[in-house]
Amino acid sequence: MTDDRTSVPGRIVGGRNWVLGVLTSIYLVNFIDRQILAILLPQVKAEFDLSDTALGLLVGPTFAFFYATMGVPLALLADRVNRRRLIAASLALFSAMTIACGLVVQFWQLAVARILTGVGEAGTGPASQTMITDLYPPERRARAQAVYATGANLGVLVAFAAGGAIAEAWGWRTAFIAAGAPGLVLTVVLLATVRDPQRGASDPAAVHEDAPGFATVMRQLWHSRAFRYTALGACSTCFTAYALGSFFPLFLSRSHGLSTSEIGIAMALIMGVCGGLATYMAGHLADRFGRQDRRWYAWVPALAALAPLPLAPICFLAQDTGVALAAAIVPLSLTAAFIGPTIAVVQRLVPLRSRATAVATLILIDNVVGLGLGPQFVGLASDLWKPALGEDSLRYAMLAAMAGSAVSVFGFVMAARHLRADIDARETAAPAPASNG
């Protein structure tokens, strides 16, 4: 077995597994800060007297627009500068803004704090994911990216379990402050123990090249049919995933009468524990089967999008709480299963110094459609159908959001048709002129 401590440059305390652990921890607090609002929605709604539409705006577009749009310029920067420092600055910003969410006194102040939280979080993902790619060889990247992606599930676990308990005991403001503090500690850990690895350190034939401009990267991506269909599959999955993740706690409160702490435990067990296992296994299976056939990097996410569809009507229409929660396990557990295989394959479709920008472009599409539209769709549909359906309007709004999973299956299946050819074309293309820039 390769010695992780010496095989790849870019470490101080440990090898690539230490770096992966630190970056995963950062993604964990990223998701705590992002998702904790979902468990706090009933208390925030009561304090500021908000409609479901306003809640959808706060959870979705307010955060998503700035998170998504700032991701591209920050990724262009990540392809050019020291990624560790960029991640540290971004981490400190979104952690401080999460603490600020607990100090606001008016709704517009909470919205501004969420905007700035999104700006900070935009600087961590693509830079972290390209660092991981530089640390692990191609045949291990989907699993490594899936380990990183489990930070989302663990973050949801902490946000719902600890956030729900803290909010019930001391209020939603204290929950925000408690969520933001760990990120400031991690900023110090990152700067003290991690170095930025050499770009292309784990690629079979790394080429020194200048980072191309944004227009060049966009042309590269647009010419790849595998990328276009992968983006369709990923953003459709995100539409459903963020719709469910944002409003499922409110659904359990409104339709099943669960308390904040009960909701937190249920969401932590399903999305945190079960979801973390599912996310890791998706990356593991993609790497395992992808060695024989690269199309598995698209087929695994397609299966993860297909599995929830028959269970969704049971989950949202059941009157019995136990039945609803049992049926929710598969849909909620698979919300992040696409991340590891998708990130691994997208970075193989572009040259070395385009990877962060390519990932950020995918994240932009995912979050404009997913985080920007998914929660907002549910909020609007719930308010629109409320005169006819009463309190059950949220059930049907969330069920309607499952259409995103059906579109996702189509996108990933179509991506599989072009994946091998597009990766071969990229990896056999003439390398860019050598440069030390």
Side-chain angles (χ1 to χ4, degrees), residues 20-39 59-60 63-64 67-68 71 87 90-91 94-95 98 117-118 120-129 131-132 142-163 179 182-183 186 234-235 237-246 248-249 264 267-284 286 300-301 304-305 308 329-344 346 359-360 362-363 366-367 370-371 374-375 408:
L20 177 60
V22 172
L23 295 177
T24 302
S25 298
I26 292 171
Y27 198 41
L28 187 156
V29 298
N30 179 309
F31 254 79
I32 292 174
D33 294 2
R34 183 185 311 186
Q35 289 295 115
I36 195 167
L37 179 59
I39 194 68
V59 175
F63 177 95
Y67 173 69
I87 294 168
S90 301
L91 172 60
F94 78 68
S95 299
T98 301
T117 300
E121 292 191 7
T124 61
S128 297
Q129 288 158 332
M131 284 177 67
I132 293 168
R143 183 163 41 185
Q145 294 288 355
V147 169
Y148 173 78
T150 60
N153 301 103
L154 296 174
V156 169
L157 187 156
V158 176
F160 286 132
L186 267 177
C235 75
T237 293
C238 285
F239 178 90
T240 298
Y242 280 116
L244 268 58
S246 298
F248 202 78
M267 296 294 290
L269 290 174
I270 296 174
M271 295 191 72
V273 178
C274 299
L277 291 172
T279 300
Y280 173 78
M281 286 304 301
H284 172 74
V300 168
I329 292 174
V330 171
L332 293 179
S333 295
L334 293 173
T335 53
F338 75 99
I339 297 177
T342 299
I343 295 298
V346 163
V359 170
L362 181 66
I363 291 174
D366 288 351
N367 283 280
L371 187 54
S408 181

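All values below come from the heavy atoms of this structure, side chains included, with hydrogens, waters and symmetry mates left out.
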Does G272 offer a backbone N or O that forms a donor-acceptor pair with the side chain of N153 under 3.5 Å? no
I'd like to know if the side chain of Q145 reaches the main chain of I339, judged simply by a donor and an acceptor atom lying under 3.5 Å from each other, with no hydrogens or angles considered. no
Report yes if some heavy atom in the side chain of P301 is under 4.5 Å from a heavy atom in the side chain of T342; otherwise report no. yes
Does the side chain of V22 reach to within under 4.5 Å of the side chain of M131, using non-hydrogen atoms? no
Do T240 and S408 have side chains that get closer than 4.5 Å, going by heavy atoms? no
For A304 against L334, the heavy-atom pair lying closest together: O-CD1, 3.5 Å
Please report the shortest heavy-atom distance between R34 and Y242, naming the atom on each side. NH1-OH, 2.7 Å
To the nearest 0.5 angstrom, please state how far the CG atom of L20 sits from the OG atom of S25. 9.0 Å
Nearest atoms (heavy-atom pairs only) where L157 meets V273: CD1-CG2, 3.6 Å
Is the closest side-chain heavy-atom distance between V29 and F94 below 4.5 Å? yes
Under 3.5 Å donor-acceptor, S333 side chain and V330 backbone: no
Locate the shortest heavy-atom distance separating L244 from P249; write the atom from each residue and the value. O-CD, 4.4 Å
No-hydrogen, no-angle side-chain donor-acceptor test under 3.5 Å, D33 and T117: no
Any idea how F31 and Y27 line up, ring-wise: parallel (<30°), tilted (30 to 60°), or perpendicular (>60°)? perpendicular
What are the two closest heavy atoms between I363 and Y67, and how far apart are they? CG2-CE2, 3.9 Å
CZ on F248 to CD1 on I270, rounded to 0.5 Å: 6.0 Å
With rounding to the nearest 0.5 angstrom, report the CG to OG1 distance, N30 to T124. 4.5 Å
What's the shortest heavy-atom distance between A179 and T98, and which atoms? CB-CG2, 4.0 Å
